[in-house]
Every structure is written in C-alpha cells, then in structure tokens.
Amino acid sequence: MRIAMCFSHFQLPRCQIHTLYGSWWKKVNNLSKKQENVSNYQLLCPGGWDSRRWIQKSLSTGAEGKNVSSRKATNLSHKVNDVSSLTHSNLNTSSVEIEEFKSVHIEQKTSDNKDISKCTTVIVFDIETTGFSRENDRIIEIALQDLSGGVNSTFQTLVNPDMIVTNQQIHGISTYMVNKSGVPRMKDLIPILVRYVRSRQKPGGQTLLIAHNGKTFDVPFLISEFNRCSYEIPSDWHFVDSMSPARELMKAEGSTLSSKSLQTLREYYKIPQTGKAHRAMADVSILALVLQKMTRDLKLTIPGLLENYSFTASEISNNSKKKKNSK
DNA sequence: GGCCCTCTTTAGGGCCTT
C-alpha cells in the first residue's frame with residue numbers, strides 16, 4: 001500500500017509491474033543453455049548460480065516501448081503496488097527522499113573472496129540517450145539486469161526527456177514514444193531506480209554495476225542526470241567498465257579480436273543478436289552473455305573485478321572537477 | 001569526453017558510447 005502511495009506521489013499512472021516471461025526470456029534461457037553459459041557464470045558467482053536465476057519475472061515501468069514486441073506484457077493489470085510482494089522487503093517508500101546509504105568499503109570487507117562474491121550484487125546496465133552530450137542530451141531508456149537472476153532480475157523503462165529525439169535512427173526510440181504521459185521523467189524515475197537496486201542488494205552487501213564504456217559514457221551520464229535532478233549516486237554503488245577487461249582480452253587474443261565494441265565482442269563469442277541493437281535491454285542481455293564468456297576467458301572473479309576495475313561515482317566526479325580546475 | 005596506444009609524455013589520433 002505504501003508503494004501505491006509512492007507512485008501516486010510520483011504521478012506515474014502507467015507505472016506497472018508485469019510478467020515479462022515472453023519469448024525474450026525464453027530466448028535468453030535457451031540461448032544460455034545451448035551455449036553452456038550457466039556453469040560459466042560461476043566465475044562471476046563462485047558460489048554457483050541460484051536456482052531462481054531463470055525465474056521469469058521482470059520489473060518495468062510499463063514504458064518500455066512498442067519496439068520490444070518480443071517481450072509480451074502478459075499481465076498489464078498488475079499495478080506497481082504489487083511490487084512489495086515481488087521484490088525484496090526493503091522497498092521503503094514512505095518518503096520520496098533517498099536515504100543515506102551505509103557505505104560498504106571494499107577495503108573493509110573480509111579478505112575471503114567467497115564472502116565478497118556472496119555479498120556483492122552484480123548488475124549489468126545500459127542507457128539510451130538523445131546524444132553524446134551530458135549537458136545537452138538526456139536519457140531516454142534505461143535497462144538493468146541482476147546477474148544473480150530470480151524474480152524481478154531485470155528492470156527497464158523508457159524515460160521522458162522533455163525534448164525532441166533526433167537520433168531515432170540509432171535506437172529506434174522516437175519522440176512520440178517518450179514524450180507523452182505515462183513515460184516517467186528522470187526526476188521521478190531516480191527514486192524508483194535506487195529502490196530497485198536496493199531491493200537487489202544482499203544484507204550488508206554492495207552493488208557492482210557494469211556497463212560497456214561505462215567509465216566515459218554511461219556512468220558520467222548517470223551522474224549528470226542524478227545531479228540535474230538534485231540526487232546523488234548512492235555511495236555503495238561500485239561501477240565497472242567492461243571495456244577494461246575487453247582491452248585485456250584484446251591483448252590476449254591479438255588480431256583474433258579486432259575491436260572492443262560490444263557488437264564485436266558479441267560476434268567474437270558467437271552470441272546471436274536478440275532484439276534490436278541499441279535498445280537498452282537488448283544490449284544489456286548481450287553484455288551479460290559477453291561478460292560471462294569474457295570473465296571465463298580472463299579468469300576474472302567478482303573480487304578481481306572489484307579490485308582491478310571498479311570505480312565509484314565520486315571518483316568520476318572528482319576527476320572531472322580536477323580537470324575543470326586545471327584548465 | 002576520456003581512455004589507450006604509440007610514430008609518446010613538450011602529442012596526436014583512434015576507439016567507444018548515443
């Protein structure tokens with residue numbers, strides 16, 4: 001009931017949660033089984049996959065766009081207030097303000113890698129935007145996938161940018177699709193997004209969010225949007241740019257791998273294109289599969305990713321400020 | 001815009017993200 005109040009406050013009448021176990025999830029499931037992906041994920045998840053990982057329920061604002069026809073929304077009548085029964089119990093929505101998160105410093109964690117792996121939530125995410133400029137462009141779509149799987153392991157939504165979309169040819173997202181009532185604006189979405197991520201966190205654990213080219217695009221863009229809406233990225237969100245391990249892979253593979261782009265990595269690992277490239281959820285599902293292959297090849301674990309590749313939003317912000325001041 | 005590589009660091013160019 002408190003959730004309902006929250007969304008009422010946000011004025012998101014079309015925010016909905018529904019079962020997305022349509023052909024998309026089936027494809028991913030079948031694809032993963034065919035490609036022996038399930039066991040490979042154990043590199044990222046030394047404790048092994050949770051048996052719930054292929055349970056097929058996802059979270060969406062209901063504004064994921066018409067182009068995602070393969071993900072048939074089979075239960076649109078489920079309202080957002082049902083989220084309390086479908087996600088973890090800590091979706092406290094009595095206040096629209098984001099609580100100060102308890103920081104979990106990597107260096108304070110136990111040296112036992114298994115414990116780190118068990119308490120770390122790994123989420124792959126991707127954004128689509130109206131362009132490359134963090135100052136002038138806006139996010140128009142965001143998608144996340146918790147690699148531990150289970151109920152509501154994915155989250156996706158279109159975002160109303162309050163501006164004309166001029167790069168529809170890239171992602172297929174039109175002005176008409178996002179500039180209308182029912183599609184949440186970023187300022188309304190951020191609290192929902194933060195609560196979703198929190199709902200995926202393990203008790204006392206930390207979150208590792210992975211995006212391709214995230215260090216120079218997705219994360220700075222996200223920081224910019226949070227700041228524009230007077231929010232801050234939670235301090236216990238750690239990020240990894242999958243481009244970094246991709247560079248290592250390129251060094252190891254030499255000319256076999258010609259580029260570190262997501263599409264090249266997808267082709268390298270013979271992962272079929274599911275959905276339209278440059279739609280957020282399609283790219284997330286590809287990156288999730290690329291990651292499992294890449295971490296296997298590089299023998300990377302979650303502690304390894306945290307130690308060698310992770311960064312925080314504050315580090316990105318501080319670096320940006322230093323560079324501005326030095327100019 | 002930022003990272004990385006190299007024909008480099010007193011620099012320039014390619015890549016990657018939408």
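What you see below is based on every heavy atom in this structure, not just the backbone, and it leaves out hydrogens, waters and symmetry mates. Below, read A as the first sequence line, B as the second, and so on, with proteins coming before strands; counting in each chain starts at 1.
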Asker: May A:Phe132 be described as stacking on the base of B:dT17, applying a 5.5 Å centroid limit and a 30° limit on plane angle?
Answerer: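 Base of B:dT17: stacked against A:Phe132.
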Asker: Please report the distance separating the C1' of B:dT10 from the corresponding atom of B:dC16, rounded so that it comes out in whole Å.
Answerer: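 So the two C1' atoms sit 28 Å from each other.
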Asker: Nearest-Å distance, CG (A:Asp137) to C1' (B:dT17)?
Answerer: 12 Å
Asker: Rounded to whole Å, please give me the gap between OH in A:Tyr309 and P in B:dG2.
Answerer: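 Rounded to whole Å, this separation is 22 Å.
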Asker: Can you build the contact string for nucleotides 11-16 of chain B? Use B for base contact, S for sugar-phosphate-only contact, and - for no protein heavy atom under 4.0 Å.
Answerer: ----SB
Asker: Which atom names give the shortest non-hydrogen contact between A:Ser310 and A:Val240, and what distance separates them?
Answerer: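 Minimum heavy-atom separation between A:Ser310 and A:Val240: CA-CG2, 3.8 Å.
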Asker: Could you tell me the separation between the CG atom of A:Leu222 and the P atom of B:dT18, rounded to a whole number of Å?
Answerer: 14 Å
Asker: Under 3.5 Å, is there a donor-acceptor pair linking the side chains of A:Thr216 and A:Asn213?
Answerer: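 Indeed, the side chains of A:Thr216 and A:Asn213 share at least one donor-acceptor pair under 3.5 Å.
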Asker: Mind checking A:Asn136 for me? I need base, sugar-phosphate or nothing, with any heavy atom below 4.0 Å counting as a touch.
Answerer: nothing
Asker: Is there a side-chain contact between A:Met186 and A:Ile139 (heavy atoms, below 4.5 Å)?
Answerer: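 In contact.
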Asker: Using heavy-atom distances to pick each residue's nearest nucleotide on DNA chain B, tell me which of A:Arg247 and A:Asn167 is more 5'.
Answerer: A:Arg247
Asker: Any non-hydrogen side-chain atom of A:Val290 less than 4.5 Å from a side-chain atom of A:Ile286?
Answerer: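 In contact.
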Asker: How many whole angstroms separate atom CD of A:Glu141 from atom C1' of B:dT18?
Answerer: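 After rounding, the reported distance stands at 12 Å.
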Asker: Grab the CD-P distance between A:Glu128 and B:dT18 for me, whole Å please.
Answerer: 5 Å
Asker: Mind checking A:Asp241 for me? I need base, sugar-phosphate or nothing, with any heavy atom below 4.0 Å counting as a touch.
Answerer: nothing
Asker: Tell me, do A:Arg279 and A:Glu141 make a side-chain contact under 4.5 Å, heavy atoms counted?
Answerer: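 Side chain of A:Arg279 against side chain of A:Glu141, heavy atoms only: contact under 4.5 Å found.
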Asker: B:dT17 P sits how many Å from A:Arg138 CZ, rounded?
Answerer: 23 Å
Asker: Taking only the C1' atom of each, what is the distance from B:dT17 to B:dC4 in whole angstrom?
Answerer: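 B:dT17 and B:dC4 have their C1' atoms separated by 15 Å.
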Asker: Kindly indicate whether the side chain of A:Asp126, heavy atoms from C-beta on, has any atom under 4.5 Å from the side chain of A:Leu287.
Answerer: no
Asker: If the plane angle is over 60° it's perpendicular, under 30° parallel, otherwise tilted; pick one for A:Phe217 and A:Phe132.
Answerer: perpendicular
Asker: B:dG2 C1' sits how many Å from A:Phe311 CZ, rounded?
Answerer: 11 Å
Asker: Taking the same atom, P, in B:dT18 and in B:dG13, what whole-Å distance lies between them?
Answerer: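 These two P atoms come out 26 Å apart once rounded.
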Asker: Shortest non-hydrogen contact from A:Ser261 to A:His212?
Answerer: C-NE2, 3.7 Å
Asker: In whole angstrom, give the distance that lies between atom CG of A:Leu249 and atom P of B:dC4.
Answerer: 16 Å
Asker: For B:dG2 and B:dC7, measure between their C1' atoms and round to the nearest Å.
Answerer: 22 Å
Asker: Once side-chain contact (heavy atoms from CB on, under 4.5 Å) is applied, do any residues pair with A:Asn227, and if so which ones, sequence neighbours excluded?
Answerer: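 Residues passing side-chain contact (heavy atoms from CB on, under 4.5 Å) with A:Asn227: A:Ile223.
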Asker: Assess whether a salt bridge exists between A:Asp162 and A:Arg185, defined as any Lys/Arg side-chain N lying under 4.0 Å from an Asp/Glu carboxylate O.
Answerer: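 Looking at A:Asp162 and A:Arg185, the cut-off is met.
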Asker: Does OP1 or OP2 of B:dT18 have a side-chain N or O of A:His278 closer than 4.0 Å?
Answerer: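 It does, given that an N or O in the side chain of A:His278 lies less than 4.0 Å from OP1 or OP2 of B:dT18.
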Asker: Each nucleotide N or O in nucleotides 6-9 of chain B that has a protein N or O under 3.5 Å away: list the pair and distance.
Answerer:
none

